[in-house]
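Read the structure below first, then the notes.
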Amino acid sequence: SSSSSSSSSSSSSSALSSSSPWSASSQYGQLCADDVNFFRETLGNDAVLTEPDDLVSFNQDWMQKYRGHSPLVLLPRNTAEVSAILRHCHTRRLPLVPQGGNTGLVGGSVPRGTEIVLSLRRLRRILSFDPASGAVSCEAGVVLQTLDEYLAEQGHRVPLDLAAKGSCQIGGNVSTNAGGIRYLRYGSLHGSVLGLEVVLSDGTILGGSGATALRKDNTGYHLKNLFIGAEGTLGVVTGVTLLTPSRLKSTNVAYLACQDYESVVNTFRNAAARAGLGEILSAFEFQDSYALKVVLDNLPNSRSPLQDQYPFYALIETSGSNEDHDRQKLEAFLDQVMSSQLVLDGVLAQSETQANQIWSLREGVAESMQRSGYVYKYDLSLPLARMYQLVQDTRKRIGELGYVVGYGHLGDSNLHLNVSTKEASNEVLGLLEPFLYQQTREYGGSVSAEHGIGQAKLDYLSYSKSAAEIATMRKLKALFDPHNILNPNKVFSME
């Protein structure tokens, strides 16, 4: 397999072996014909995949950086079947990897060896919607876009929006605590998730079909929060109840050009202020000229709405309930930032089609980078003042060896730093890691803003979490999953 953007990637393409610290010969049972027969009897033949051609897509991520060697994929249809699978695996000590849409960027949903893949894609029922509260309950395998389209019919929306919305699943979104482009407006899933249905490693079901839809429930420990962002290491999320906001009628999108990064930050500060856009601001994204260029060069039919080229660009979205009020407020804001020279040029979308075209310039960066070569992707949180400094540090360090782009969710202090090369290069990887994580720590940031740790950042969790915090995580893991069968060697190792 190809080299990955991680120093732990070399193990992502090797089968379980006796040299592995979590190998089948020591800690785990060996998958045998009796196990496969049990799964066939429990789930039905069509829910048990063993043919090599059927296994390929489950054994690698969409970027083809991480590859596993799972000989078995299970496709349960409901929570009871998930429970039966886990109960059997717990008894037999068979490791498994829960998998949703497999759209992650850190190898969290890909086997590191021969673990069983537990796919949630068949758990795709939307169970209920309460128009009074906006609470929606659904199974974990519901695709994010499908859920959002359903909610649109009810006048609501999912408080989460990702470029991968057409294939990622809500259970995976919860398990990775996905962020996305409207985090600025709606915040973390820790605030939006009202209840979860989770199956523990021994088959115990928490939450059940009655996963709370109450906004206030202050009874005992808030267990749901342990599973949000745990990447399937503590339990398998099978059901989700979300608080969903109303779908606002008025949406405006503007694309702005700035001379330098400091002007972008000051434009955001003005926008976030109540005197600026305040309560109607729903997204504030940025990209440098390198990021825009890669989109224009690689995505068909893409074009900049601005005639000239500039060093930096900002995308602003507002959402509200009064079209005239919102547009007047945005136009007044644009007049202010342009007259003060913070913004040199800009365009306000005149239609939904133009708004979508503008969004494609920002959301198309990841796909464009994939088309331009081999890509090293980094998802980091940094103080706004230091965020673009890291891009400049990287560009200086890499020189002519790679093409470096900086973009991301400026409103959340979340940088996406991508480096493309013609092919995978150990030299480039050595220049990037651990340098980028060291700099992130030095600048007071986090090594993962929204993508999680998975296997890519396994060696770097300690850059953002203390030894005491990691030791406490290990105690929780040992309590919830005493045989370490759930997504082993992801987030941190138990050694």
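Being a predicted model, the structure only gives us computed values, none of them experimental.
Contact annotation: the side chain of Leu334 never approaches that of Val343 to less than 4.5 Å [non-hydrogen atoms, C-beta and beyond]. Taking the side chain as every heavy atom from C-beta outward, Ser109 and Thr176 never approach each other to under 4.5 Å. Looking at Lys465 and Phe492, their side chains never come closer than 4.5 Å, going by heavy atoms from C-beta outward. Taking the side chain as every heavy atom from C-beta outward, Met63 and Val375 never approach each other to under 4.5 Å. Counting heavy atoms from C-beta on, the side chains of Leu256 and Asp345 never come closer than 4.5 Å. Side-chain atoms of Ser381 and Ser413, non-hydrogen and from C-beta on, never get closer than 4.5 Å to each other. Leu200 places a side-chain heavy atom less than 4.5 Å from the side chain of Phe227.
A donor-acceptor pair under 3.5 Å links the side-chain atoms of Arg371 to the main chain of Asn298, judged by distance alone. No donor-acceptor pair under 3.5 Å is formed between the side chain of Arg362 and the backbone N or O of Gln287. Between the side chain of Gln455 and the main chain of Gly107, a donor-acceptor pair closer than 3.5 Å is present. Under the 3.5 Å distance criterion, the side-chain polar atoms of Asn414 are matched with a main-chain donor or acceptor of Leu380. A donor-acceptor contact shorter than 3.5 Å is absent between the side chain of Lys377 and the backbone of Leu105. Without hydrogens or angle criteria, Glu450 side chain to Gly180 main chain gives a donor-acceptor distance under 3.5 Å. Side chain of Gln350 to backbone of Leu348: a donor-acceptor contact under 3.5 angstrom is found. With hydrogens and angles ignored, the 3.5 Å screen pairs no side-chain donor or acceptor of Asn487 with any backbone N or O of Lys490. Panel note: side chain Tyr261, backbone Gln389; no donor-acceptor pair is recorded below 3.5 Å. A donor-acceptor pair under 3.5 Å is absent between the side-chain atoms of Glu231 and the main chain of Gly452, judged by distance alone.
In the model, Ser351 has no side-chain atom that pairs as donor or acceptor with a side-chain atom of Gln354 under 3.5 Å. Side-chain N/O atoms of Asp326 and Thr318 include no donor and acceptor closer than 3.5 Å. A donor atom on one side chain and an acceptor atom on the other are not found under 3.5 Å apart for Asn270 and Thr267.
Shown here are the salt bridge (charged side-chain N to carboxylate O under 4.0 Å, His left out) partners of Arg77, two or more places apart in sequence or in another chain: Asp46. Residues passing the ring pair (Phe, Tyr, Trp, His ring centres under 6.0 Å) test with Tyr463, sequence neighbours excluded: Tyr460. In this structure, Asp130 has no salt bridge (charged side-chain N to carboxylate O under 4.0 Å, His left out) partners at least two apart in sequence or on a different chain. Take Asp148 and apply the salt bridge (charged side-chain N to carboxylate O under 4.0 Å, His left out) test, not counting sequence neighbours, and it matches Arg247. With sequence neighbours excluded, the residues satisfying salt bridge (charged side-chain N to carboxylate O under 4.0 Å, His left out) with Asp481 are Lys477.
Note that Arg157 lies outside the cation-pi zone of Tyr186, set by a 6.0 Å cut-off to the ring centre and a 45° limit from the axis. Taking the ring centre of Tyr378 as origin, the terminal cationic atom of Lys457 falls outside the region bounded by 6.0 Å and 45° from the ring axis.
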### Message
Under the criterion side chain to side chain contact (heavy atoms under 4.5 Å, CB included), I'd like the reasoning laid out for Glu323 against Lys249: C-alpha separation, chi angles, the key distance, then a yes or no.
### Response
CA-CA 7 Å; Glu323 177 72 41; Lys249 297 187 176 87; over 6 Å; no
### Message
For a side chain to side chain contact (heavy atoms under 4.5 Å, CB included) check, start with the C-alpha distance between His409 and Ile181, then their side-chain angles and the critical distance, and finish with the verdict.
### Response
CA-CA 7 Å; His409 316 299; Ile181 55 179; 3.7 Å; yes
### Query
Does the pair Leu299 and Ser360 meet the rule for a side chain to side chain contact (heavy atoms under 4.5 Å, CB included), with working shown?
CA-CA 9 Å; Leu299 283 195; Ser360 71; 5.7 Å; no
### Check against side chain to side chain donor-acceptor pair (under 3.5 Å), Gln145 and Glu149
CA-CA 6 Å; Gln145 184 170 322; Glu149 289 169 355; 3.1 Å; yes
### Query
Which is it for His190 and His222 under the side chain to side chain contact (heavy atoms under 4.5 Å, CB included) test, yes or no, and what are the steps along the way?
CA-CA 11 Å; His190 279 283; His222 290 222; over 6 Å; no
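Atom CD of Glu262 sits in a sparse spot, with 12 or fewer heavy atoms from other residues, nucleotides or ligands closer than 6.0 Å.
Of all heavy-atom pairs between Ser175 and Gly232, the closest is CB-N, 4.3 Å. Nearest heavy atom pair, residue Asn78 against residue Leu123, reads N-CD1, 3.8 Å. Counting all heavy atoms, side chain and backbone alike, Leu410 lies closest to Val265 at CD2-CA, 4.2 Å. Taking each heavy atom of Leu344 and Cys258 in turn, the nearest pair found is CD1-C, 4.3 Å. Closest heavy-atom contact between Leu277 and Ile316: CD1-CG2, 3.8 Å. Taking both residues in full, the closest heavy atoms of Leu390 and Leu382 are given as CD2-CD1, 3.7 Å, listed atom of the first, atom of the second, then distance.
Rounding to the nearest 0.5 Å gives a distance of 8.5 Å between CG of Asp297 and OG of Ser368. Taking CZ from Phe333 and CG from Asp335, the interatomic distance works out to 10.5 Å, rounded to the nearest 0.5 Å. Atom CG in Leu196 sits 5.5 Å away from atom CD1 in Ile228 (nearest 0.5 Å). Between Leu315 atom CG and Tyr255 atom OH the span is 7.5 Å, to the nearest 0.5 Å. A distance of 6.0 Å separates CD1 of Ile470 from CE of Met473, quoted to the nearest 0.5 Å. Rounding to the nearest 0.5 Å places CG of Asp324 at 14.5 Å from NZ of Lys329.
Screening Ser192, Ser137, Ser128 for a side-chain hydrogen bond (donor to acceptor under 3.5 Å, both in side chains) involving Thr241 leaves a single residue, Ser137. Shown are Thr79, Leu486, Val198; of these, the side-chain contact (heavy atoms from CB on, under 4.5 Å) with Val236 is made only by Leu486.
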For residues 163-170, tabulate all N or O donor-acceptor pairs below 3.5 Å that involve a side-chain atom, not counting sequence neighbours.
| unit_1 | atom_1 | unit_2 | atom_2 | d |
| --- | --- | --- | --- | --- |
| Lys165 | NZ | Asp161 | OD1 | 3.3 |
| Gln169 | NE2 | Gly100 | O | 3.4 |

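For Tyr388 and Phe312, the gap between ring centers is short of 6.0 Å.
Using the six-membered ring where Trp is involved, His156 and Phe129 have ring planes that are perpendicular, over 60° apart on the 30 and 60° scheme. In this pair, His451 and His416 present their aromatic rings parallel. The plane angle is below 30°, not in the 30 to 60° band.
Under a 4.0 Å N-O distance rule, the pair Arg182/Glu317 qualifies as a salt bridge. Ion pairing between a basic and an acidic side chain is recognised when a charged N comes within 4.0 Å of a carboxylate O; Arg395 and Asp288 show such pairing.
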